[in-house]
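Let me begin by presenting the structure, written as structure tokens, before commenting on it.
The analysis underlying the following values was restricted to heavy atoms, covering all of them including side chains, and did not include hydrogens, waters or symmetry mates. Small disclaimer: the values here were computed from a predicted structure and weren't measured.
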Amino acid sequence: MSKSFYAIHAHGFVRVAACTPRVAVGDPGFNAAETLRMAREGDAAGCDLMLFPELGISAYAIDDLFLQEALLKRVEAEIAGLVEASAKLSPVLLVGAPVAHNGRLYNCAVVIARGRVLGVVPKSYLPNYREYYEKRWFAPGHGVEGLEVALAGQVAPFGTDLLFEAADLPDFVFHAEICEDFWAPAPPSTQGALAGALILCNLSASNIVVGKADERALLCASQSSRCQAAYLYSAAGPGESTTDLAWDGQASIHELGRELACTDRFPTQAQMAVADIDVQKLRLERMRSPTFNDAAVANSHPEQFFRRVRFEHQPHFKDVGLQRAVDRFPFVPDDAARLDQDCYEAFNIQVQGLVKRLQSTKSQHLVIGVSGGLDSTHALIVAAKAFDLLGKPRSDILGFTMPGFATSEGTKSNAWKLMNALGVTGEEIDIRPAATQLLKDMGHPFGRGEPVYDVTFENVQAGLRTDYLFRLANQRHGFVLGTGDLSELALGWCTYGVGDQMSHYNVNGSVAKTLIQHLIRWVAKTGQFDTAASEVLLSVLGTEISPELVPADASGAIQSTQAKVGPYELQDFNLYWITRYGLPPSKVAFMAWHAWKDAAAGAWPPHFPEEARNAYDLATIKSWLQVFLFRFFEISQFKRSAMPNGPKVISGGNLSPRGDWRAPSDGTAKVWLEELDANVP
């Protein structure tokens, strides 16, 4: 089947489900029927992989009934029925069952797909403490490798050395372990991940006691983060024996430490958590993480010792939606508590970076251009807090507002209000006479009185402002604090050399435009400064993003940055996914479409104004992504290669050639633009 842009399979996603079916104690017929019923539901929902609980075909809490031949025969017969039924189902099924081999009984994960038993994985670590007594019935799987087992009329690979890989869906590679295995100091899934598995599955029973749910969640999140993988977990649910234990049916799906989906606990009916795992992203993350690959080397390359069971998955490539939340603002959390923490950390990272630079330079003053816009406002409050920590008077901060030909009264007024409220030393230098003279000396039409507002006209003003700041720093025994942000650096929206691209130190260089407004609001709301300063900060938040270099047109409309380079909310989305994970442009467009196509769907960051909640269609997303790709890959790297020092603030948010991003200044965007055009309608 030809690939569709709207299909998750075209973009490196695999749909998984962690299931908690109803269970009847010691009744394999009922349990297999429940498993099959849920498998059919998962098939209808477009699932690729479905995980069921430990010993789910027999039930877990049946004690010595495990050693009854009648029960074991019935379990095998029911597995055979599931295998036969699976021929007409899309999902791979991981079911738990007792399996006999060579005079021993093993607690196993049975992997079934398309009418075939793909493999059988025994549990490595058997709990035999407190309420657990598994060694009474089962043999440990540790060391069982390279074997085969006869089960349900088939002969299948048997051992703890199995990985399962779809031959026709890239990166769909998974590993199975069972319950206690991931409570061990070195879980088998760690070796499975180092051998190449991107999805780690845990079939669990795990009775519930107070506090245990948090422990499970911690382990799942930790293992998915440490192994740079997805981790699926399914615990026994309603119907298990409560002779001496209770069960809460906890099922969850984690990816890189983040919970994507979970079921309700203590259910009365069957449940499943469903999510789309980004297996392509996981693979790319491992590629850019040498420590993960060094661990594989240190463990003697586990891929040499694992058997890969390949199977034809026959992916459908249908539009089944996207079962995962995609943040509109990758740099701005939707959760209020998380946003508060991120703002606290980001602001203090910037402040600490500047404190160290002030200490090392021993400068008497700090020089900053204050426009009244978002970026310079934020850099100024970072400077004020740094001076407070050092016990230096804020009056040693020298703020300069430098009106040009298009400076509005609103931004100029805010600049003065803020400098006065913070108690910094404010001065004003009108750059228009110097700019006019420079344009006249150059023979520019504006110097003759003609209304020509080209890039030279703009950059003369931008360059003069920075030139003044550097010379003022020389004169006043200070250094220049930059104000340009991460988003501008990504798009090359800064004047190179003696312009806003350059400074002695830049605290905003790793902070995205979409985050800065939230940082300013956080500073105001948390009372980092007095009421007067906070009121000015909140006023600045309503400022139109503009370089204010070109006079307003006949209608009064001012120059808009976003009309030229695109909405920052889209361009920050593109920036994050392309630089942080190296995703192909078509996938970024697919994710942006799901994030932005409906303003009424999904979460927005706290305090986000209703009137600013935009939506974008695919054509608009593609158009601005083209702009981003061209500007980022082709025309602006030389500016980033010479960017000043500044602290890294956000993961995936540093374009310094000394930090996260190294690239040739004479590159081309051709590959990325062609990929976008070829794969996005």
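- Using a 30° and 60° split on the angle between ring planes, F590 and H594 fall in the perpendicular class, above 60°.
- Here side-chain hydrogen bond (donor to acceptor under 3.5 Å, both in side chains) pairs that include residues 595-608, with residues two or more places apart or in two chains, number zero.
- Summarising the geometry of V332 relative to L515, their closest heavy-atom pair is CG2-CA, 3.8 Å, with the distance given to 0.1 Å.
- In this structure a side-chain-to-backbone donor-acceptor pair under 3.5 Å is present from Q562 to Y568.
- One finds a salt bridge joining R580 and E285 here, because a Lys/Arg side-chain nitrogen approaches an Asp/Glu carboxylate oxygen to under 4.0 Å.
- Counting non-hydrogen atoms of other residues, nucleotides and ligands closer than 6.0 Å to OH of Y344 gives a total of 12 or fewer.
- Ring geometry for F329 versus F608: interplanar angle of 30 to 60°, hence tilted.
- Nearest heavy-atom pair across C494 and E488 is SG-O, 4.4 Å.
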Verdict with reasoning, S289 to Q228, per side-chain hydrogen bond (donor to acceptor under 3.5 Å, both in side chains): CA-CA 9 Å; S289 301; Q228 298 181 338; 3.1 Å; yes

Checking salt bridge (Lys or Arg N to Asp or Glu O under 4.0 Å) for the pair K513/E569: CA distance, chi angles, key distance, verdict? CA-CA 8 Å; K513 184 79 76 176; E569 55 196 15; over 6 Å; no

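- Checked against ring-ring contact (aromatic ring centres under 6.0 Å, His included), H175 has no partners two or more places apart in sequence or in another chain.
- With hydrogens and angles disregarded, no donor-acceptor distance shorter than 3.5 Å links the side chain of D500 to the backbone of G484.
- Taking every heavy atom of both residues into account, V507 and Q350 meet most closely at O-NE2, 2.9 Å.
- For residues 625-636, the pairs satisfying side-chain hydrogen bond (donor to acceptor under 3.5 Å, both in side chains) are Q626-D677, E634-T668, S636-R640, with sequence neighbours left out.
- When the shell of 6.0 Å around CZ of R226 is examined, it contains 12 or fewer heavy atoms from other residues, nucleotides or ligands.
- With a 4.5 Å cut-off on side-chain heavy atoms, F174 and L49 count as touching.
- Q461 is listed as a side-chain neighbour of F457, based on a closest heavy-atom distance under 4.5 Å.
- Of all heavy-atom pairs between V511 and I650, the closest is CA-CD1, 4.2 Å.
- Of all heavy-atom pairs between V649 and A346, the closest is CG1-CB, 3.5 Å.
- Remark: side-chain polar atoms of K622 are paired, donor with acceptor, to backbone N or O of V680 under 3.5 angstrom.
- Aromatic rings of W672 and F632 (six-membered ring for Trp) have centroids beyond the 6.0 Å cut-off, not under it.
- Taking a cutoff of 4.0 Å between a charged side-chain nitrogen and a carboxylate oxygen, K88 and D43 do not qualify as a salt bridge.
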